[in-house]
Asks: 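Next up is a structure, given as structure tokens.
Chain A is the first sequence line, chain B the second, and so forth, proteins listed ahead of strands; every chain is numbered from 1.
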Amino acid sequence: MALEKKTFYVTTPIYYVNDVPHIGHAYSTVGADALARFKRMDGYEVFFLTGTDEHGQKIAKTAKEKGLEPKQLADQVVERFKEVWVRLGITNDRFIRTTDEDHRKAAQAFFKKVMDTGYIYKADYEGWYCLPDEKFLLDSEVIDGKCPDCGRPVERIKEENYFFAMSKFQTQLEKYLADHPDFIQPDSRKNELVNNFIKPGLADVSITRSTVKWGIPAPVDGNATIYVWFDALINYISALGWPDGENYKKFWPADVHVIGKDILRFHATIWPTMLMAAGLPLPKRVFGTGYINMGGEKMSKSLGNVVNPMNLMDTYGPDALRYYLLREVVFGFDGTYTEETFEGRFNGDLANDLGNLISRTLTMVEKYFGGSIPEPSKKESFDSNLDIAWKMGSLEHARELMDKLAFDVVLGQYWELIKAANKYIQDSAPWNLAKDESKKEELQKVIFTMVEVLRVTALRLSPFMPFTAQAIWEQLGFTDKVEKHSFSETETAGVYQKGQKVKVGTPLFPRIEKKKEGEKAEVGGQDAIVAAQGNLKKKITQHFKTALNLKPECGWLASSSLEYPVLLAQGKYGFYVRTPDKKRVIIEVEQQKLADSKAVDGVYDHLLAETQKLFTNAG
RNA sequence: GGCGGGGUAGCUCAGUUGGUUAGAGCGACGGUCUCAUAAUCCGUAGGUCGAGAGUUCGAAUCUCUCCCCCGCUACCA
């Protein structure tokens with residue numbers, strides 16, 4: 001009886017095609033890819049899914065603005081995503097689009113199935129609706145005829161909708177979370193979620209929209225479509241061919257859904273209860289990642305500080321971006337992108353530590369052994385001086401860390417060996433050994449040890465930096481694909497052909513030279529301005545609260561939501577103040593002014609004056 | 001307002017169940033080798049561990065109060 005290969009199923013969010021890919025998308029996708037690659041090399045049969053979420057009012061609206069059909073818009077944006085993923089070396093097994101025919105069918109079948117179990121019911125709904133957010137609002141939530149989240153006008157709608165009886169699963173979900181403490185990660189997010197949403201009680205969810213045309217038709221009378229979230233979540237099983245597909249049987253339940261923290265709520269409430277209603281197993285884990293902030297600011301289109309991953313890759317290459325995202329940022333928490341930290345990682349870790357180690361090692365093989373990897377002498381072919389560093393990154397340890405998605409720690413451990421190897425070279429000084437014929441054997445040992453370090457490093461780094469790993473592999477004279485190898489080979493001595501020749505190539509990570517004074521001021525200036533604006537905004541808010549005793553009632557509009565640009569013109573910030581008669585007033589501030597420290601006092605005075613006026617008027 | 005997480009060297013952070021001179025990485029400075037991508041390697045850098053009080057033989061580590069930052073969430077009918 002043949003042993004069944006262990007399986008592993010990992011997913012990314014399906015990205016909403018209302019936006020083109022940015023560094024945040026790359027972040028979660030690269031993480032999922034590293035995990036998928038790791039599991040493959042560790043002997044699992046892996047299914048790795050990514051894709052796009054294409055339905056909903058917002059897409060229809062954006063498409064209309066551009067004079068396109070929704071599907072045309074989606075087609076265009078999908079290409080942008082695929083382009084980036086190819087460039088980044090993403091190894092997804094399927095790219096699912098919610099407009100795919102099999103997904104439509106599965107979504108409808110799922111809807112029906114839940115309806116048959118009695119967990120979907122019909123009810124009238126009348127109330128306020130925020131169209132851009134696709135969100136129903138209570139009377140009490142609406143402020144001055146505007147959406148409390150995004151500040152845009154709401155509409156009064158009346159429709160007959162179908163509801164998913166999520167409230168019926170209150171107890172079951174709570175029990176599940178208690179029995180599976182690792183279901184939602186990281187823990188901090190889990191607590192937020194449980195305290196704010198689950199404990200207070202789950203509410204039923206409207207899962208059809210009779211006013212939205214761009215969506216999957218609900219399998220009921222009339223021409224309602226399925227609510228975009230209900231539709232989207234199903235992608236995780238429709239992609240596997242649910243209900244009858246082989247892949248579904250093989251891979252479901254998912255081992256981990258990697259998602260952004262903004263959508264954790266849906267994945268931790270609606271999705272599990274949907275599955276419960278349908279009588280299907282729940283995913284084993286939902287992992288919420290953080291945001292990548294820019295300088296001192298959140299990333300947003302209106303601030304013009306969105307980093308396009310393509311541009312970064314043009315400058316630094318795909319592996320440098322992958323490395324940066326996986327090493328610099330703790331997966332699951334927010335991180336900050338700045339050019340300085342990026343270059344720091346690049347020059348320090350990639351060029352000086354890794355790149356240079358490769359160069360000096362291969363050069364010595366070339367110089368002292370005519371390019372042939374020296375025969376390991378019988379005993380002590382590998383120098384035990386490196387044992388400790390070696391073991392820090394042992395496979396066993398790496399497995400534990402990868403199961404926690406602690407990519408930064410794993411890479412840190414791997415780098416211990418790389419650093420130790422640089423020291424090892426320095427300490428054993430092969431250039432001196434080479435001068436003395438009697439020390440030939442020792443020289444062989446040293447050089448062979450270094451080659452071994454590179455071989456193991458190539459294997460280890462393959463999930464994280466696949467292009468680099470392959471390049472090292474080939475420079476060592478191997479001709480096959482490193483990713484086809486198993487991690488078990490990192491625990492055993494390397495197998496080389498007799499006289500295997502290395503190939504010295506050009507440096508993989510040429511140092512980024514410090515920019516000339518002028519350039520630096522200009523480029524660094526951008527980051528500096530963004531950071532300075534962040535600080536000034538904080539300062540202004542603080543002064544404000546103190547001055548007017550307004551504590552929680554004023555602040556800058558959150559720019560994290562990508563809807564922000566609809567509200568404010570490019571180049572402006574919105575400062576809001578809640579007046580005594582409970583209205584929220586937005587005061588616009590020119591972004592430019594916050595960039596100039598001299599103008600800041602003016603801004604502050606302006607805001608203060610405006611606000612005091614409001615307070616006076618309101619009495 | 002509620003819940004949660006934090007405030008430790010210039011920067012990013014580690015600091016187990018309280019215990020000798022508070023650590024790492026990066027940056028900075030000085031030195032060194034020369035195989036290498038002006039890379040490597042070695043050494044130095046003296047931070048009232050947010051503030052105050054308390055418990056204790058002894059606290060960054062426990063208790064209380066206060067200040068500040070961040071996240072999630074709510075409300076100001």
Side-chain angles (χ1 to χ4, degrees), chain A residues 138-144 148-149 184 186-200 261-262 264-265 268 288 290-291 293 296 298 327-330 332-336 338 340-369 408-409 411-412 415-416 418-435 443 446-447 450 504-514 531 534-535 538-539 541-542 545-546 550-555 558 560 577-584:
Chain A
L138 301 173
D139 286 350
S140 61
E141 288 180 308
V142 177
I143 297 160
D144 199 17
D149 292 340
I184 302 170
D187 285 339
S188 54
R189 300 264 154 68
K190 172 183 163 181
N191 296 335
E192 290 175 355
L193 205 107
V194 171
N195 289 336
N196 288 314
F197 287 96
I198 299 177
K199 270 193 198 157
K261 65 175 178 182
D262 49 332
L264 187 61
R265 207 158 134 178
Y291 292 147
N293 296 323
K298 288 191 174 174
R327 177 74 196 267
E328 180 70 20
V329 184
V330 180
F333 294 85
D334 289 356
T336 299
T338 66
E340 282 76 19
T341 55
F342 196 104
E343 286 191 4
R345 285 295 176 188
F346 190 95
N347 279 345
D349 297 356
L350 299 180
N352 297 352
D353 291 346
L354 176 60
N356 189 44
L357 179 69
I358 298 166
S359 292
R360 61 198 310 205
T361 300
L362 296 183
T363 304
M364 284 192 268
V365 174
E366 189 97 319
K367 252 185 184 160
Y368 306 141
F369 297 97
D408 60 317
V409 185
L411 285 168
W415 244 257
E416 289 301 323
I418 292 167
K419 289 180 175 195
N422 271 321
K423 180 174 163 57
Y424 170 71
I425 295 174
Q426 196 68 23
D427 292 346
S428 34
W431 46 93
N432 288 335
L433 300 175
K435 288 173 192 157
L443 179 65
V446 171
I447 302 296
M450 281 153 53
V504 181
T506 52
L508 295 172
F509 301 102
R511 276 182 68 83
I512 301 161
E513 292 311 322
K514 292 231 169 85
N535 289 336
K538 277 179 203 161
K539 228 172 245 175
T541 314
Q542 271 174 34
K545 289 180 175 175
T546 326
L550 280 172
K551 203 124 187 174
E553 311 225 19
C554 70
S560 57
V577 180
R578 182 91 59 189
T579 65
D581 52 345
K582 315 305 177 199
K583 287 187 179 162
R584 192 164 80 163

Asks: Are OP1 or OP2 of B:rC3 and a side-chain N or O of A:Lys199 less than 4.0 angstrom apart?
Replies: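 It does not, given that no N or O in the side chain of A:Lys199 lies less than 4.0 Å from OP1 or OP2 of B:rC3.
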Asks: Looking only at heavy atoms, which two atoms of A:Ile447 and A:Pro430 are closest? And how far apart?
Replies: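 Where A:Ile447 meets A:Pro430 most closely, the heavy atoms are CD1-CB, 4.2 Å.
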Asks: Please give, in whole Å, the distance from B:rG2 C1' to A:Glu192 CD?
Replies: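 The answer, rounded to whole Å, is 13 Å.
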Asks: Could you write nucleotides 5-12 of chain B as a row of B, S and -, 5' to 3', where a protein heavy atom under 4.0 Å of any base atom gives B, of only sugar-phosphate atoms gives S, and otherwise -?
Replies: --------
Asks: Looking only at non-hydrogen atoms, find the nearest pair between A:Asn347 and A:Arg511 and report the distance.
Replies: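 Taking every non-hydrogen atom into account, OD1-CA, 3.4 Å.
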Asks: Which letters describe nucleotides 29-38 of chain B, given B = protein heavy atom under 4.0 Å from base, S = only from sugar-phosphate, - = neither?
Replies: ----BSBBB-
Asks: Give the rounded distance in Å between these two atoms: CG of A:Asn196 and C1' of B:rG71.
Replies: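 Atom-to-atom, A:Asn196 to B:rG71, this comes out as 10 Å.
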Asks: When you compare B:rU73 with B:rU56, how far apart are their P atoms, in angstrom units rounded to a whole number?
Replies: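 My reading of the P atoms in B:rU73 and B:rU56 gives 44 Å.
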Asks: Can you measure from CG (A:Leu411) to CZ (A:Arg327) and round to the nearest 0.5 angstrom?
Replies: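 A:Leu411 CG to A:Arg327 CZ: 6.5 Å, rounded to 0.5 Å.
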Asks: First locate atom CZ of A:Arg360, then atom CD1 of A:Ile425, and finally report the distance between them rounded to the nearest 0.5 Å.
Replies: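 If I round to the nearest 0.5 Å, the distance is 4.0 Å.
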Asks: Could you work out the separation of B:rC68 and B:rG58 based on their C1' atoms and round it to a whole Å?
Replies: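 About 30 Å, rounded to a whole number of Å.
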Asks: Atom OH in A:Tyr368, atom OG1 in A:Thr363: separation rounded to 0.5 Å?
Replies: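 These two atoms lie 9.5 Å from each other.
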Asks: Can you tell me how far P in B:rG7 sits from the matching atom in B:rC49, rounded to whole Å?
Replies: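 It works out to 13 Å between them.
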Asks: Rounded to whole angstrom, note down the C1' distance from B:rC13 over to B:rU21.
Replies: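 Here B:rC13 and B:rU21 have their C1' atoms 22 Å from each other.
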Asks: Please report the distance separating the C1' of B:rC26 from the corresponding atom of B:rC67, rounded so that it comes out in whole Å.
Replies: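 The same atom, C1', in both gives a distance of 30 Å.
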Asks: With distance as the sole criterion, is a donor-acceptor pair present between the side chains of A:Asn196 and A:Arg265 under 3.5 Å?
Replies: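 Their side chains do not contain a donor-acceptor pair, so the 3.5 Å distance test is not met.
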Asks: Give me the distance, rounded to whole Å, that separates B:rU17 from B:rA51 when you measure between the P atoms they each carry.
Replies: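 23 Å, rounded to whole Å.
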Asks: Measure the CG-CD1 distance between A:Leu193 and A:Ile198 for me, rounded to the nearest 0.5 Å.
Replies: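 Nearest 0.5 Å value for the CG-CD1 distance: 5.0 Å.
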Asks: Let me know the distance between CG of A:Asp349 and P of B:rU40, rounded to the nearest Å.
Replies: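 Going from A:Asp349 (CG) to B:rU40 (P), I get 11 Å.
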Asks: Any side-chain N or O of A:Arg265 less than 4.0 Å from the OP1 or OP2 oxygen of B:rU73?
Replies: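 For B:rU73, OP1/OP2 do have a side-chain N/O of A:Arg265 under 4.0 Å.
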Asks: Using the P atom on both, measure B:rG15 against B:rA9 and round to a whole Å.
Replies: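 Comparing P positions in B:rG15 and B:rA9 gives a spacing of 15 Å.
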Asks: Whole Å only: how far is the CG atom of A:Asp187 from the C1' atom of B:rC72?
Replies: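 Nearest whole value for this atom pair: 15 Å.
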Asks: Are A:Met364 and A:Leu443 close enough, and set up right, to give a side chain to side chain contact (heavy atoms under 4.5 Å, CB included), and what steps lead you there?
Replies: CA-CA 10 Å; A:Met364 284 192 268; A:Leu443 179 65; over 6 Å; no
Asks: With pairs defined as Watson-Crick or G-U wobble and both distances under 3.5 angstrom, please note down RNA chain B as a dot-bracket string, | for pairing with another strand.
Replies: (((((((..((((.....[...)))).((((.........)))).....(((((..]....))))))))))))....
Asks: Hey, what do you get for CD1 (A:Ile418) to CG (A:Asn356), rounding to the nearest 0.5 Å?
Replies: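 So the CD1 of A:Ile418 and the CG of A:Asn356 are separated by 12.0 Å.
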Asks: Rounding to an integer number of angstrom, what distance separates B:rG25 and B:rU8 when you compare their C1' atoms?
Replies: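 So the two C1' atoms sit 15 Å from each other.
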Asks: Distance from A:Phe509 atom CZ to A:Arg345 atom CZ, nearest 0.5 Å?
Replies: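 It comes to 13.5 Å.
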Asks: Distance check needed: B:rA39 C1' versus A:Phe346 CZ, whole Å only.
Replies: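 Going from A:Phe346 (CZ) to B:rA39 (C1'), I get 14 Å.
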Asks: Do you know which two heavy atoms are closest between A:Ile184 and A:Leu264, and how far apart they sit?
Replies: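 Minimum heavy-atom contact is CG2-CD2, 4.0 Å.
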Asks: With nearest nucleotides of RNA chain B determined for A:Tyr424 and A:Gly344 from heavy-atom distances, which residue corresponds to the more 5′ nucleotide?
Replies: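 Mapping each residue to its closest nucleotide by heavy atoms, the 5'-most match is A:Gly344.
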Asks: Rounded to whole Å, please give me the gap between CZ in A:Arg189 and P in B:rG71.
Replies: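 Going from CZ in A:Arg189 over to P in B:rG71 covers 11 Å.
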Asks: Looking only at non-hydrogen atoms, find the nearest pair between A:Pro186 and A:Gly288 and report the distance.
Replies: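 Smallest interatomic distance, heavy atoms only, reads CD-O, 3.3 Å.
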Asks: To the nearest Å, give me how far apart NZ (A:Lys190) and C1' (B:rU73) are.
Replies: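 It is 19 Å, rounded to the nearest whole Å.
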Asks: Which pair of heavy atoms, one from A:Arg189 and one from A:Phe333, lies closest together, and at what distance?
Replies: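 It is NH2-CA, 4.4 Å.
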Asks: Could you state the CG-C1' distance from A:Asp334 to B:rC13, rounded to the nearest angstrom?
Replies: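 One finds 16 Å between C1' of B:rC13 and CG of A:Asp334, rounded.
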